[in-house]
Amino acid sequence: WRPYREFIVINDVNIKHEDIYKADTIILPLVSDFCKKHNLQLKILSVLGVDEEKLFYESIINEFEFHKTNKNTTPYRNYELMSDDSMIVGVDSQLQYEALARNYRTGFFSVRGHYIKNKSYTFSWPKKVNSSGTIWCNYPNKTEVYNIMEYLLNVKEDEWLDEVNKYKDIMAYDSENKIIINTLKLE
């Protein structure tokens with residue numbers, strides 16, 4: 001969620017506020033329904049931690065736990081809220097890619113690009129992948145969303161690690177920042 005005005009400009013194209021958030025209004029009820037059916041607690045990690053953000057989600061669903069954090073004042077709080085028994089899903093978030101790189105069970109419902117007609121909002125962009133896969137879908141489809149979440153819920157740890165290794169070229173995790181440190185030493 002972001003406090004956009006009536007429209008925003010992406011690649012010189014005016015996009016209406018409601019088109020930006022159409023993806024959330026379609027995907028979030030599906031995620032909520034899945035959580036209810038499987039007796040899972042739905043937690044939403046905020047971006048800015050403002051009341052308008054919570055109200056936005058309350059306008060779509062009514063059963064969730066809202067974690068009010070602010071990426072600018074508490075930049076590591078959402079990382080602290082993730083755990084090995086979590087299933088992390090969303091529409092499009094840098095945090096999702098970082099969670100995947102850290103081997104958390106992560107699903108991507110990268111459907112925003114479908115609504116705003118912008119391929120840069122698809123999973124793994126600019127890398128070209130199929131429109132759906134084991135852990136992602138780039139178009140709104142209830143069956144795909146449920147299949148991805150079922151997979152994340154039931155996959156065995158060794159199978160999950162094999163799956164994650166397929167995406168190391170999208171986002172790598174370097175906990176001690178050795179790669180950037182070594183690169184900077186060469187400069």
Side-chain angles (χ1 to χ4, degrees), residues 1-83 85-100 104-125 132 135-149 152-153 171:
W1 178 87
R2 299 286 193 290
Y4 294 128
R5 293 188 171 82
E6 187 175 325
F7 66 89
I8 65 168
V9 178
I10 300 176
N11 297 335
D12 297 324
V13 176
N14 290 339
I15 300 172
K16 293 179 189 174
H17 182 270
E18 57 266 19
D19 292 337
I20 287 285
Y21 289 113
K22 179 76 172 175
D24 303 275
T25 63
I26 299 298
I27 296 299
L28 192 52
L30 297 176
V31 170
S32 178
D33 185 55
F34 182 91
C35 289
K36 287 176 191 171
K37 286 180 180 175
H38 290 83
N39 200 28
L40 300 171
Q41 187 177 25
L42 176 59
K43 298 179 182 182
I44 295 179
L45 307 181
S46 69
V47 175
L48 298 176
V50 295
D51 291 337
E52 292 85 358
E53 188 173 7
K54 184 177 182 190
L55 290 171
F56 168 75
Y57 293 116
E58 287 175 338
S59 74
I60 302 170
I61 61 172
N62 55 18
E63 292 182 37
F64 62 94
E65 184 178 318
F66 186 73
H67 287 271
K68 195 172 185 175
T69 60
N70 184 312
K71 70 176 187 169
N72 299 315
T73 58
T74 54
Y76 303 108
R77 180 70 179 131
N78 284 342
Y79 299 104
E80 295 164 359
L81 291 169
M82 292 188 287
S83 69
D85 61 346
S86 296
M87 190 170 36
I88 296 143
V89 299
V91 174
D92 49 32
S93 162
Q94 181 66 30
L95 184 65
Q96 285 174 264
Y97 286 98
E98 293 171 9
L100 181 65
Y104 290 112
R105 293 170 189 238
T106 310
F108 299 81
F109 308 125
S110 305
V111 303
R112 195 173 316 279
H114 172 82
Y115 293 107
I116 64 172
K117 311 294 186 240
N118 186 320
K119 291 182 180 182
S120 70
Y121 282 84
T122 58
F123 175 72
S124 81
W125 185 87
S132 66
I135 63 169
W136 81 90
C137 62
N138 291 333
Y139 55 91
N141 182 289
K142 179 179 180 177
T143 302
E144 290 283 350
V145 169
Y146 282 13
N147 287 345
I148 290 166
M149 293 187 71
L152 296 173
L153 184 62
M171 173 69 78

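Hydrogens, waters and symmetry mates play no part in the numbers below; they use all other heavy atoms, side chains included.
Within the 4.5 Å cutoff, side-chain heavy atoms of Arg77 are placed close to those of Leu81. Under the 4.5 Å side-chain criterion, counting only non-hydrogen atoms from C-beta, Phe109 is not in contact with Gln96. Looking only at side-chain heavy atoms (C-beta outward), Val13 and Lys117 stay at 4.5 Å or farther from each other. The shortest distance between side-chain heavy atoms of Val31 and Ile61 does not fall below 4.5 Å. Put simply, the side chain of Ile135 reaches to within 4.5 Å of the side chain of Leu100, judged on heavy atoms. Taking the side chain as every heavy atom from C-beta outward, Tyr115 and Ile15 never approach each other to under 4.5 Å. At a threshold of 4.5 Å between non-hydrogen side-chain atoms, the residues Ile26 and Val111 do not count as touching.
Phe123 and Trp136 have parallel rings, their planes meeting at less than 30° on a 0 to 90° scale where 60° marks the start of perpendicular. Relative ring orientation between Phe34 and His38 is described as parallel, the plane-to-plane angle staying below 30° on a 0-90° scale split at 30° and 60°.
Evaluation of the salt bridge (Lys or Arg N to Asp or Glu O under 4.0 Å) test over residues 41-51, restricted to residues two or more places apart or in two chains, returns Asp51-Lys68.
Surrounding NZ of Lys119 are at most 12 heavy atoms belonging to other residues, nucleotides or ligands under 6.0 Å away.
Checked against the 6.0 Å centroid criterion, the rings of Tyr97 and Phe108 qualify as a close aromatic pair.
Contact detail for Leu48 and Glu53: the closest heavy-atom pair is N-OE1, 3.1 Å.
Residues passing the side chain to side chain contact (heavy atoms under 4.5 Å, CB included) test with Asp92, sequence neighbours excluded: Arg112, Tyr121.
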